[in-house]
Amino acid sequence: MSFDRLAERVTEVRERVAAAVARGGRGQRVTIVAVTKTHGPEAVTAAWSAGLRDVGENKVQEALAKMADIAVPVSWHLVGHLQRNKVKSLDRFALLHSLDSARLANAVCDHGLARGRAVDALVQVNVAGEGTKGGYAPRDLPAEAERLAGLSGVRVCGVMVMAPLDAEEPVLRRVFETARDAREMLENAGHPAFELSMGMSSDFEIAVEEGATMIRLGTVLFGARPR
Ligand SMILES: *Cc1c(COP(=O)(O)O)cnc(C)c1O
C-alpha cells in the first residue's frame, strides 16, 4: 500500500474533526493518534510527513520493532492490552491507553515507582460489558478510582473506551457519554484525568461531538489493513 495521499486524507479528517467539535459545542482540542498496526514502519514515517505526531500500536512487540526501524521522533501510544510482564516497555511509550485491570495497575505502578517517574495511563472502561474487550466495568470504577489515588507510580490522565463495532448511533452516544462521566468521576477523585480517548475510523465524528480529546484512527488514514 502506498501512503502518497495521506496528507490529503489528514486534511480531510481534520476538517471533519473541526466540524464535529463545532456541532458538539465543547470547544475541545483533539489529538489524532495514527494507528499503524499491521502496517510497516513506512506508515509511521508517512504519518510524520503528513504532520501527525502521535502514533498508536496495539501490540508491544510490533511497536518496538517499528521504533527500531524509523528515524522520526513521533510519540508512541500503546492502545492494546499490555501483559504485566511487559510493563518495562512502557518506557518507550508516551501514554498507555489501556489500563484495564487492578492487577495491571499494580504492576504499572510498581514500574513507575522503580524508575522514579509515574507512568501516564488512561483507564479503559468496558461500557457495553463485551466479553471480547478488556477494561473496567463502570460499576467498579468509583472504588478503583479511590484505590488508584494511592498508587503514586501511575498518573491517571483520563479514560479510554472502544465502542461496539456496527452499533447504532444512540448506542454509540450512550457509550461515549458513559466514558465522559467516568472521566469526570476520576477528576473529582483527584486524578489529572483530562483526556478522553474515544472514536475510531467508523465513529470518530460522534465521539468528538461527545467530547473526545483523542481519536485513534487506522483505516480512515491508511486504508484497509493487510491481513
Ligand atoms: C485498530 C485500533 C484502532 C483503529 O481502528 P480503525 O477502525 O482502523 O480506525 C483504534 N483503537 C484500537 C484500540 C485499535 O486496536
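As the structure lists them, so they are numbered: ligands from 1, and atoms in each ligand from 1.
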Does any donor atom in the side chain of [X] or [Y] lie under 3.5 Å from an acceptor atom in the other side chain?
X      : Y      : result
Tyr136 : Gln124 : no
Ser98  : His81  : no
Arg216 : Asn58  : no

Taking the six-membered ring of Trp76, is the NZ or CZ of Arg92 close enough (under 6.0 Å from the centre) and on axis enough (within 45°)?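 Cation-pi check for Arg92 and Trp76: fails.
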Asp203 to Ala163 - nearest heavy-atom pair and separation: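 Looking at all heavy atoms of both residues, the closest pair is OD2-CB, 3.7 Å.
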Minimum heavy-atom separation for Leu141 and Ala182, please, with both atom names.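 Closest heavy-atom pair between Leu141 and Ala182: CD1-CB, 3.6 Å.
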Proximal ligand 1 atoms for Arg225, defined as those under 4.0 Å from one of its heavy atoms: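 Numbered from 1, ligand 1 contributes 1 (C), 5 (O), 6 (P), 8 (O).
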With a cut-off of 4.0 Å, which atoms of ligand 1 are near a heavy atom of Leu217?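 Reading through ligand 1 atom by atom, the close ones are 9 (O).
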Atom 2 (C) of ligand 1: which of Met198, Glu57, Arg216, Lys37 has the nearest heavy atom?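 Closest candidate by heavy-atom distance is Lys37.
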Tell me whether Met162 has any N or O atom under 3.5 angstrom from an N or O of ligand 1.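 Between Met162 and ligand 1 (N or O atoms, distance only) the closest approach is not under 3.5 Å.
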Looking only at protein heavy atoms, which one is nearest to [atom], and how far off is it?
atom                    : result
atom 9 (O) of ligand 1  : Ser201 OG, 2.5 Å
atom 5 (O) of ligand 1  : Met200 CE, 3.4 Å
atom 13 (C) of ligand 1 : Val79 O, 3.4 Å

When you measure from the heavy atoms of His97 to every atom of ligand 1, does any distance fall below 4.0 Å?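 No, His97 has no heavy atom closer than 4.0 Å to ligand 1.
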So is Val220 close enough to ligand 1, meaning a heavy atom under 4.0 angstrom away?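 For ligand 1, residue contact (heavy atoms, under 4.0 Å) with Val220 is absent.
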When you check the gap from the basic side-chain N to the acidic O, do Arg173 and Glu210 get nearer than 4.0 Å?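 Counted as a salt bridge, because a side-chain N and a carboxylate O are separated by less than 4.0 Å.
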Under 4.0 Å, heavy-atom basis, I'd like to know which part of Thr219 is in contact with ligand 1: side chain, backbone, both or neither.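 Under 4.0 Å from ligand 1, Thr219 contributes backbone and side-chain atoms.
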